[in-house]
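What you see below is based on every heavy atom in this structure, not just the backbone, and it leaves out hydrogens, waters and symmetry mates. Just so we're on the same page: letters track the sequence lines, and every chain starts at 1. Values in this document were obtained by computation on a predicted structure and should not be read as measured data.
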Amino acid sequence: MTDEASRDGDARARPDCDDSPHILSEQARGAEDGTSGDDAFHAFWADVVADEIEARDPDDPIVIKGGVSPSGVAHVGNVNEVMRGYFVAEVLRDRGHEVRQLFTSDDRDPLRKLPRKLANADGEIVGLGDVDAGALGRNLGKPYTAIPDPFGERESYAAHFAALLEADAERLGVPVEMVSNTELYADGTFEDAVRTVLSDLEGVRETLGKYQDKVDDEYVPFNPVCAECGKVTETVTAVDLEAGTVEYACTDLEVGDDVIEGCGHEGTATFREGKLPWRLEWPAQWDVLDVDFEPFGKDHAEGSWPSGVDLARTVFGIEPPVPMVYEWFTLGGEALSSSAGNVVTVPELLEILEPEVVRYFFALHPKKARDLDLERIDQLVDRFDRFEEAYFGEVDDEELTRFAERAYPFVVGGSPGIDRPADADPADRVRFPYTFAAVLGMVEDRELREQLARDEGHVDDDTPEWAVREALARVERARTWAERTDNEYNYRLQTALPDVAFDGDVAAALDDLAEFVAAGHDGEAIQAEMYETARDHGIEVADFFEAGYRLFFDQPQGPRLGEFLGELEREFVVARLRREA
RNA sequence: GGGCCGGUAGCUCAGUUAGGGAGAGCGUCCGGCUUUUAACCGGACGGUCGGGGGUUCGAAUCCCUCCCGGCCCGCCA
């Protein structure tokens, strides 16, 4: 039996094992101890993580979890929690495992301060003035699930926020099971975990005290919800394990420089009527939900992760899940901040990017600090297109191809942006370069957009209908991008005559060009004629082109004008050149 | 102050598993597309791989050290 015990000994029998959550960083990890050093090289990080998970020999279904505490705005930063886990889940499914992807909403957490911004049900960011702010202000200190939805739609603020996250996940094609912490407490799922903690107060204090100075001989890691005022309290005066209750006093709650006043009520709460502090709640989730893998942001890496590992083993008697720290990304070079207004929501992002491009962004290596720059989102799309080309063997880049061959199927598989007939050959897909799509966005007519794309060779007679449809969908997004960023592609064919005036030579040249167009010539000829006409009238070619751009776009610059005009309705072009309409 | 993670071309990034040619795309510049005008094509320019030291025949890659940035080491999550 001693052999058995030593072989299957728990983690404490292996104090040398590596608990670093940076499993994608250490190049030499596991080299000597035989735990995981001999794994094959993987071009896709999710395979590395999957190896780590499989090495634990977990029972199916494998459970992958993410989670957040509700805040003001659900934004792309939260997508890390969803997408990172998703790719690992998909890799494991690809390897034949059954996988559940959970997402916990830490919704028994108290609202500690008013958010400055909120996201409505459509993901639009609004200020406090646009909602029932009082519904929030009156409820500081209460669990999110006990606070009314400031938009008056859901049963609580927590439900509103959870619905946003779930909707975002759906928009990206990620099926997640939402889990409410409040429900886990209320339905008794957490009851044994709470009992375990309160049964071994000395042990918990000893372990947690190694990480938190505030833990003293009086510290009770359970926060009952006050029966009188509904706020989360911090003062437990007695524990009754037999009855399964605690005695508490509703004292003031310090939040930074502010104080949320307690009502002074003294009462009794069951183990279902409160919450564990985060440091214990996290490992308790691992326990009751059988979590095998959890990605988390770098803010957890050196704080709650080490203590969570310790508490999982010493208090709950479980092994913590496989961890994975992901780097945060910046937005336009600045940290994401809803209060500072530097955020973008998933619905907003999907107005300028295909879902698979967003998914691609999160398929890139998690340890790299990246910048998501909306001003130059075309760079990201270009990278995606190249990544896709690599998958189809169209790029001479060994490294990229190796990554694409593995990761691409997970990036596009299940993406809501991909909607093709069953017999479609994916290699037939068409991607207009993003900036070209922005150029096409200058015209509103779908037929004209398609014609211009044909002229440019992006579409031909062999291009299947579904590929054209997909390709043209990008035009709308690029158009939105041009408008949102108000960049150099933000101009549009003017349906009404712009307010412009030209001197005599230019006006005469425009009239001549109108005659030429009226006589019936194709775009190429019109382009050539523009040079001729300018020369004939002794005006600079550049000035003539600018006149044309002002007439048609109300801008000093534009696309290759002659060929562009060749695609437009002849009568319209002639009338416009004559400044008649 | 201590710990962790990052730092490769103007920009966005591969490459570090397993030491051997410093790369891609975009931008810029030049040229081509019958004659400067943003879509297409070709070419060029562009980097002390954050700095320094070490190991090695050979280092972006391994070791040490320093610099810069982010995060954590109070509370909360």
Side-chain angles (χ1 to χ4, degrees), chain A residues 20-22 24-29 31 37-43 48 67-71 106 109-110 112-113 211-214 232 234 253-257 277-279 281-282 296-306 325-328 330 333 335 364-373 375-383 385-387 389-390 395-400 402-403 432-440 442 452-453 455-458 488-489 491 524 527-532 534-535 540-546 548-549 556-564:
Chain A
S20 165
H22 302 282
L24 293 173
S25 292
E26 286 289 319
Q27 289 141 17
R29 65 176 275 97
D38 297 327
D39 295 320
F41 172 75
H42 293 301
V48 179
V68 294
S69 182
S71 66
D106 299 336
D109 296 354
R112 303 173 68 82
K113 60 178 183 183
Y211 305 92
Q212 292 191 300
D213 293 340
K214 74 165 183 176
V232 176
E234 291 191 332
L253 181 67
E254 287 187 25
V255 181
D257 296 333
W278 165 248
R279 294 265 180 157
E281 192 170 69
W282 201 20
F296 46 88
K298 64 178 181 178
D299 53 332
H300 288 314
E302 302 306 319
S304 38
W305 170 254
V325 176
Y326 56 81
E327 260 291 340
W328 291 350
T330 52
L364 297 173
H365 203 286
K367 292 301 295 183
K368 287 279 195 175
R370 293 174 195 285
D371 185 43
L372 184 65
D373 190 346
E375 300 284 330
R376 281 166 305 183
I377 206 68
D378 53 303
Q379 290 192 348
L380 176 64
V381 180
D382 286 347
R383 284 191 68 204
D385 289 351
R386 195 173 150 79
F387 165 74
E389 287 161 14
V395 176
D396 181 22
D397 185 325
E398 198 177 321
E399 293 294 338
L400 178 61
R402 206 156 41 149
F403 172 60
F432 300 151
Y434 197 77
T435 51
F436 175 61
V439 169
L440 294 187
M442 299 180 310
L452 288 166
D455 292 346
E456 199 53 40
H458 291 292
E488 65 268 38
Y489 296 95
Y491 49 88
E524 205 172 324
Q527 177 77 5
E529 181 66 14
M530 289 193 71
Y531 292 95
E532 287 298 330
R535 200 172 299 154
E540 292 292 325
V541 171
D543 292 341
F544 192 46
F545 271 95
E546 181 176 332
Y549 291 128
Q557 295 178 323
R560 194 175 280 256
L561 193 54
E563 287 153 22
F564 187 87

Looking at [options], which one has an atom nearest to any side-chain atom of [X]?
{"X": "A:Glu399", "options": "B:A77, B:A14, B:C75", "result": "B:A14"}
{"X": "A:Gln379", "options": "B:A38, B:C75, B:C26", "result": "B:C26"}
{"X": "A:Glu532", "options": "B:C75, B:U35, B:A77", "result": "B:U35"}
{"X": "A:His22", "options": "B:C4, B:G25, B:G70", "result": "B:C4"}
{"X": "A:Lys298", "options": "B:G70, B:C5, B:A24", "result": "B:G70"}
{"X": "A:Glu302", "options": "B:C73, B:G3, B:C5", "result": "B:G3"}
{"X": "A:Gln212", "options": "B:C75, B:C72, B:G25", "result": "B:C75"}
{"X": "A:Lys368", "options": "B:C5, B:U16, B:C40", "result": "B:U16"}
{"X": "A:Arg383", "options": "B:C13, B:C75, B:C5", "result": "B:C13"}
{"X": "A:Phe436", "options": "B:A77, B:U35, B:A39", "result": "B:A39"}

Using atom [atom1] of each nucleotide, how far apart are [N] and [M] to the nearest Å?
{"N": "B:A59", "M": "B:G51", "atom1": "P", "answer": "15 Å"}
{"N": "B:G53", "M": "B:U12", "atom1": "C1'", "answer": "32 Å"}
{"N": "B:A77", "M": "B:C64", "atom1": "C1'", "answer": "38 Å"}
{"N": "B:A60", "M": "B:C71", "atom1": "P", "answer": "31 Å"}
{"N": "B:A44", "M": "B:C49", "atom1": "C1'", "answer": "22 Å"}
{"N": "B:G42", "M": "B:G47", "atom1": "C1'", "answer": "24 Å"}
{"N": "B:G69", "M": "B:C75", "atom1": "P", "answer": "26 Å"}
{"N": "B:A9", "M": "B:A22", "atom1": "C1'", "answer": "10 Å"}

More than 12 heavy atoms from other groups under 6.0 Å of CD on A:Glu532: yes
Both distances below 3.5 Å, Watson-Crick or wobble geometry, any strand: find the nucleotide opposite [N].
{"N": "B:U12", "answer": "B:A24"}
{"N": "B:G42", "answer": "B:C30"}
{"N": "B:C4", "answer": "B:G70"}
{"N": "B:C62", "answer": "B:G54"}

Send over the distance from [X] [atom1] to [N] [atom2], rounded to a whole Å.
{"X": "A:Asp373", "N": "B:C13", "atom1": "CG", "atom2": "C1'", "answer": "13 Å"}
{"X": "A:His458", "N": "B:A39", "atom1": "NE2", "atom2": "C1'", "answer": "6 Å"}
{"X": "A:Trp305", "N": "B:A77", "atom1": "CH2", "atom2": "P", "answer": "18 Å"}
{"X": "A:Asp385", "N": "B:C26", "atom1": "CG", "atom2": "C1'", "answer": "13 Å"}
{"X": "A:Phe544", "N": "B:U36", "atom1": "CZ", "atom2": "C1'", "answer": "15 Å"}
{"X": "A:Glu327", "N": "B:G69", "atom1": "CD", "atom2": "C1'", "answer": "10 Å"}
{"X": "A:Trp328", "N": "B:C4", "atom1": "CH2", "atom2": "C1'", "answer": "13 Å"}
{"X": "A:Asp299", "N": "B:C4", "atom1": "CG", "atom2": "P", "answer": "18 Å"}

Once rounded to the nearest 0.5 Å, what's the spacing between atom [atom1] of [X] and atom [atom2] of [Y]?
{"X": "A:Arg535", "Y": "A:Met530", "atom1": "CZ", "atom2": "CE", "value": "13.0 Å"}
{"X": "A:Ile377", "Y": "A:Tyr434", "atom1": "CD1", "atom2": "OH", "value": "7.0 Å"}
{"X": "A:Lys113", "Y": "A:Ser71", "atom1": "NZ", "atom2": "OG", "value": "10.0 Å"}

Short side-chain N/O contact from A:Tyr549 to OP1 or OP2 of B:A38, under 4.0 Å: yes
For [X], which contact category applies under a 4.0 Å heavy-atom criterion: base, sugar-phosphate, or nothing?
{"X": "A:Ala528", "result": "base"}
{"X": "A:Pro433", "result": "sugar-phosphate"}
{"X": "A:Asp543", "result": "base"}
{"X": "A:Asp378", "result": "nothing"}

NZ/NE/NH1/NH2 to OD/OE distance under 4.0 Å, A:Glu399 and A:Arg402: yes
Geometric class of the A:Trp278/A:Trp282 ring pair [parallel <30°, tilted 30-60°, perpendicular >60°]: parallel
Nearest-nucleotide comparison on RNA chain B, the residue closer to the 5′ end among A:Asp213 and A:Ala301: A:Ala301
Pairwise 5' ranking along RNA chain B for A:Leu380 and A:Val68, keeping only the more 5' one: A:Leu380
Polar pair under 3.5 Å, donor/acceptor by atom type, side chain A:Arg370, base B:U12: no
Nearest non-hydrogen partners of A:Glu327 and A:Lys368, listed with the distance: CB-O, 3.5 Å
Nearest non-hydrogen partners of A:Asp397 and A:Arg386, listed with the distance: OD2-NH2, 3.6 Å
